[in-house]
Number of protein chains: 2
Amino acid sequence: MFFSKTCEYAIRAVIFIAQKSEGGKKVGIREVAAGIDSPEHFIAKILQDLSKRQLIQSSKGPNGGFYIGDASRRHTLADIVSAVDGDKVFKGCGLGLKICSETKPCPLHNQFKEIRKKMQVALQSATIGEFNESLNLGLSYIKER
Amino acid sequence: MFFSKTCEYAIRAVIFIAQKSEGGKKVGIREVAAGIDSPEHFIAKILQDLSKRQLIQSSKGPNGGFYIGDASRRHTLADIVSAVDGDKVFKGCGLGLKICSETKPCPLHNQFKEIRKKMQVALQSATIGEFNESLNLGLSYIKER
DNA sequence: AAAATAAAAGACTAAAAACTCTTTTATTTC
DNA sequence: GAAATAAAAGAGTTTTTAGTCTTTTATTTT
């Protein structure tokens with residue numbers, strides 16, 4: 001709707017991993033998939049990509065898994081979204097016009113400008129690390145049940 | 001991004017037809033496709049559907065075509081979007097969670113609530129008819145070139 | 001009534017997104 | 001150094017969305 005399915009899973013996974021790996025622990029792919037209700041092999045692909053892009057970390061072998069180091073913890077969700085879906089949610093025209101600008105705006109240009117701005121603020125205002133706090137306090141959830 | 005391609009074309013087409021059919025005239029499918037830069041056969045399908053749903057009108061035969069009557073002119077873009085994409089853009093969770101509510105919110109719930117609200121206001125605040133005025137005044141555009 | 005016009009309907013194909021399965025590579029533990 | 005573990009890589013399949021082509025039906029004009 002706002003994001004691709006891939007991106008939704010990515011966001012949920014990153015928040016999940018950040019929370020689970022707070023004390024330096026690592027999380028296996030199976031645990032991530034179960035923890036965010038996503039298809040296992042699909043989220044594996046997504047995490048591989050995020051790992052390549054240094055947005056999360058991983059290590060192979062026994063006791064290996066995914067984790068998020070201190071540096072990556074300072075990233076925002078906007079970084080994740082940009083990496084997965086590109087910047088269309090921050091920039092693209094709401095009506096899909098290639099040319100849509102201040103000087104040649106679509107009929108919804110001004111309204112969408114505000115919506116995109118709000119989106120950007122929402123995704124940039126808090127770091128990955130900060131999201132954990134609300135999860136830890138039981139103020140928000142990333143799993144259905 | 002926010003809407004499906006089908007929905008983007010639908011919105012553009014409805015605005016276009018509303019403008020072109022202001023004086024009781026009708027617009028052929030070819031003119032619509034050219035006017036909003038969309039594939040001809042594809043927009044034909046979309047308009048068929050909108051016509052069935054009474055969001056636009058059509059008539060066959062010579063001098064036939066699509067038009068928007070006075071009653072339909074009072075619809076808003078929200079009606080078009082709901083008809084084509086359903087209400088996910090107004091209701092669904094930003095992270096794709098099936099269960100996401102005030103009592104069990106996702107980490108972005110409150111921010112997205114505002115964004116969806118803004119979206120709804122943007123699409124509901126002006127009727128199809130009202131959009132024409134800004135087009136007629138050259139204040140907005142629905143075509144690239 | 002025949003010819004012309006234009007949308008409706010139906011049956012497709014193409015491309016993208018979502019998802020799965022198998023094999024390989026790196027790392028650790030015994 | 002062999003066995004076990006876990007991610008990386010690669011090569012698929014399935015489903016959905018986007019887009020095309022052909023035939024039919026309704027209406028109008030001559």
Side-chain angles (χ1 to χ4, degrees), chain A residues 1-14 17 20-21 25-69 81 84-86 88-89 95-96, chain B residues 1-14 17 20-21 25-69 81 84-86 88-89 95-96:
Chain A
M1 184 224 331
F2 293 110
F3 310 125
S4 68
K5 216 100 231 331
T6 301
C7 191
E8 289 178 356
Y9 289 143
I11 295 172
R12 280 151 62 188
V14 164
I17 295 168
K20 289 285 172 177
S21 70
K25 273 170 274 170
K26 289 160 195 167
V27 206
I29 191 67
R30 227 156 303 127
E31 192 180 346
V32 174
I36 66 166
D37 273 322
S38 76
E40 188 181 316
H41 293 285
F42 193 36
I43 192 66
K45 283 286 159 200
I46 298 168
L47 293 184
Q48 262 173 47
D49 181 56
L50 293 179
S51 175
K52 246 181 263 170
R53 293 168 185 274
Q54 305 269 49
L55 289 166
I56 62 175
Q57 281 68 49
S58 72
S59 67
K60 290 181 173 184
N63 299 312
F66 296 93
Y67 60 101
I68 299 192
V81 170
V84 178
D85 276 354
K88 57 188 190 321
V89 79
L95 300 188
Chain B
M1 185 224 330
F2 293 110
F3 310 126
S4 68
K5 217 99 232 330
T6 301
C7 191
E8 289 177 357
Y9 289 143
I11 295 171
R12 279 150 62 185
V14 164
I17 294 168
K20 289 286 172 175
S21 70
K25 273 170 272 167
K26 289 160 195 168
V27 206
I29 192 66
R30 226 156 303 126
E31 194 180 345
V32 174
I36 66 166
D37 274 321
S38 75
E40 188 181 317
H41 294 283
F42 193 36
I43 192 65
K45 284 285 160 202
I46 298 168
L47 293 184
Q48 264 173 45
D49 181 56
L50 292 178
S51 176
K52 247 180 262 170
R53 294 169 185 273
Q54 306 267 51
L55 289 166
I56 64 174
Q57 281 68 50
S58 72
S59 67
K60 290 180 172 185
N63 299 312
F66 296 92
Y67 59 102
I68 300 193
V81 171
V84 179
D85 276 355
K88 56 188 189 323
V89 79
L95 299 188

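The basis for the numbers below is simple: all heavy atoms, side chains too, and nothing from hydrogens, waters or symmetry mates. Model, not experiment: these values are computed from the prediction. Throughout, protein chains are lettered first and strands after them, A, B, ... in sequence-line order, and every chain is numbered starting at 1.
In this structure, B:V32 reaches neither bases nor backbone, as no heavy-atom distance under 4.0 Å exists between it and the strands shown.
Contact between A:E40 and A:I29 at its shortest, heavy atoms only, is O-CG1, 4.0 Å.
In this structure A:S21 satisfies the side-chain hydrogen bond (donor to acceptor under 3.5 Å, both in side chains) test together with A:R73, sequence neighbours excluded. A:K5 is linked by a salt bridge (charged side-chain N to carboxylate O under 4.0 Å, His left out) to A:E8, counting only residues two or more places apart in sequence or in another chain. Under the side-chain hydrogen bond (donor to acceptor under 3.5 Å, both in side chains) criterion, B:Q57 pairs with B:S72, not counting sequence neighbours. With sequence neighbours left out, the ring pair (Phe, Tyr, Trp, His ring centres under 6.0 Å) criterion links A:Y9 to A:F42. Looking at residues two or more places apart in sequence or on another chain, you find no side-chain hydrogen bond (donor to acceptor under 3.5 Å, both in side chains) involving B:T6. When the side-chain hydrogen bond (donor to acceptor under 3.5 Å, both in side chains) test is applied to B:K26, the partners found at least two apart in sequence or on another chain are B:S59.
Taking every side-chain heavy atom of A:S51 into account, D:dA8 is the closest of D:dA8, C:dA18, D:dA18.
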Sub-3.5 Å pairs of nitrogen or oxygen atoms, protein against nucleotides 9-14 of chain C:
{"residue": "C:dA9", "atom": "N7", "partner": "B:K45", "partner atom": "NZ", "Å": "3.2"}
{"residue": "C:dA9", "atom": "N7", "partner": "B:Q48", "partner atom": "NE2", "Å": "3.2"}
{"residue": "C:dG10", "atom": "N7", "partner": "B:K45", "partner atom": "NZ", "Å": "2.6"}
{"residue": "C:dG10", "atom": "O6", "partner": "B:K45", "partner atom": "NZ", "Å": "3.1"}

Extract from the structure each pairing of a protein N or O with an N or O of nucleotides 25-29 of chain C at less than 3.5 Å, listing the distance.
{"residue": "C:dT25", "atom": "O2", "partner": "A:K60", "partner atom": "NZ", "Å": "3.2"}
{"residue": "C:dA26", "atom": "O4'", "partner": "A:K60", "partner atom": "NZ", "Å": "3.1"}
{"residue": "C:dT29", "atom": "OP1", "partner": "A:N63", "partner atom": "ND2", "Å": "2.9"}

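Following rounding to the nearest Å, A:F42 (CZ) and C:dA18 (P) show an atom-to-atom distance of 6 Å. If you take NZ of A:K88 and C1' of C:dA16, they are 12 Å apart, rounded to a whole angstrom. In this structure, B:Y67 places its OH atom 15 Å from P of C:dA6, rounding to the nearest Å. B:I46 places its CD1 atom 8 Å from the P atom of D:dA18, with the value rounded to the nearest Å. Between A:I56 atom CD1 and D:dA6 atom P the separation is 16 Å, expressed in whole Å. Nucleotide C:dA15 holds its C1' atom 14 Å from the NZ atom of B:K5, rounded to whole Å. As a whole-Å value, the separation of A:R30 CZ from D:dA4 P is 15 Å. Rounding to whole angstrom units, NZ of residue B:K26 and C1' of C:dT5 are separated by 13 Å.
Considering only side-chain N and O atoms, A:S58 lies nowhere under 4.0 angstrom from the phosphate OP1 or OP2 of D:dA6. Listed pair A:Y9 / C:dA18 fails the phosphate criterion, with no side-chain N or O lying under 4.0 Å from OP1 or OP2.
Applying the salt bridge (Lys or Arg N to Asp or Glu O under 4.0 Å) test to pairs two or more places apart or on separate chains, those with a residue in residues 42-51 of chain B are B:D49-B:R53.
Between B:I11 atom CD1 and B:D85 atom CG the span is 8.0 Å, to the nearest 0.5 Å.
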